[in-house]
Amino acid sequence: MTMSEELDALSVVNQLRDLASDPLNRRAIVQDQGCLPGLILFLDHPNPQVVYSALLALRYLAECRSNREKMKSELGMMLSLQNVMQKSTSPGDTKFLANEVHEILHSSNSTGNYSANELNSRRRKAQFFLGSTNKRAKTVVLH
């Protein structure tokens, strides 16, 4: 991996982290088709700064209760978090952050009482992609 590719990955993940730090963006980021899978891919990145920044973004996103189930069920999420926690090359603060995100998502299903608002938003999400297009969508291609 070249230096510019690593900088690109770092700048993309830092941008996502900065967007996720704003509570008003958190639901939209998780509902977006590309952001969450992209952050999960960044958890396996060779650059520890990229991994840490991705974990920070996920930590921000997990603060929004309505995001937790979707995040938890996202393909590769829990496994990638476990891999970061178990990787001997992961710095201590990275392991701690991965463990924190894992715990938040893991404990999210123990609160089984969903509010009517959350159920309604799930119904809306199911209809969200049927015949609708996002005219302001941007695509980020990572090599």
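Here the structure is a predicted model, which is why all the values come from computation and not from measurement.
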Practice prompt. Check the surroundings of atom CD in E74: do more than 12 heavy atoms from other residues, nucleotides or ligands lie under 6.0 Å from it?
Written response: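 Yes, CD of E74 has more than 12 neighbouring heavy atoms, counting only those of other groups under 6.0 Å.
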Hey, what do you get for [atom1] ([X]) to [atom2] ([Y]), rounding to the nearest 0.5 Å?
X    : Y    : atom1 : atom2 : answer
L105 : E103 : CG    : CD    : 9.5 Å
L97  : Y52  : CG    : OH    : 5.0 Å
Y60  : L55  : OH    : CG    : 12.5 Å
Q82  : N99  : CD    : CG    : 10.0 Å
K87  : T94  : NZ    : OG1   : 10.0 Å
C64  : N25  : SG    : CG    : 11.0 Å

Just wondering, do [Y] and [X] contact through their side chains at under 4.5 Å, heavy atoms?
X   : Y   : answer
Q31 : L36 : no
M71 : R68 : no
I29 : N67 : no
P23 : E63 : no
H45 : L10 : no
S90 : M85 : no
I40 : L81 : no
C35 : V30 : no

Discussion item. Side-chain heavy atoms nearer than 4.5 Å, only ILVMFWY residues, links allowed to pass through others: does that put L39 and M78 together?
Written reply: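 Yes, one cluster joins them.
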Item to complete: Can you label the angle between the H102 ring and the H106 ring as parallel, tilted or perpendicular, going by 30° and 60°?
Response: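 Judged by the thresholds at 30° and 60°, the geometry between H102 and H106 is parallel.
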Fill in: Considering all heavy atoms, the nearest A57-A20 contact
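Heavy atoms of A57 and A20 come nearest at O-CB, 3.8 Å.
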Worksheet item: Where do V51 and F42 land on the side chain to side chain contact (heavy atoms under 4.5 Å, CB included) test, with the steps shown first?
Response: CA-CA 6 Å; V51 175; F42 282 132; over 6 Å; no
Discussion item. Is it the case that the side chain of S80 and the backbone of M77 share a donor-acceptor pair, with hydrogens and angles ignored and the cut-off at 3.5 Å?
Written reply: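 Not confirmed, S80 side chain does not pair with M77 backbone.
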Worksheet item: Under 3.5 Å, is there a donor-acceptor pair between the side chain of S53 and the main chain of V50?
Response: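 No; zero donor-acceptor contacts below 3.5 Å.
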Fill in: Reference residue R17; test side-chain contact (heavy atoms from CB on, under 4.5 Å); the match among V13, N14, L19
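Going through V13, N14, L19 one by one, the side-chain contact (heavy atoms from CB on, under 4.5 Å) with R17 is satisfied by N14 alone.
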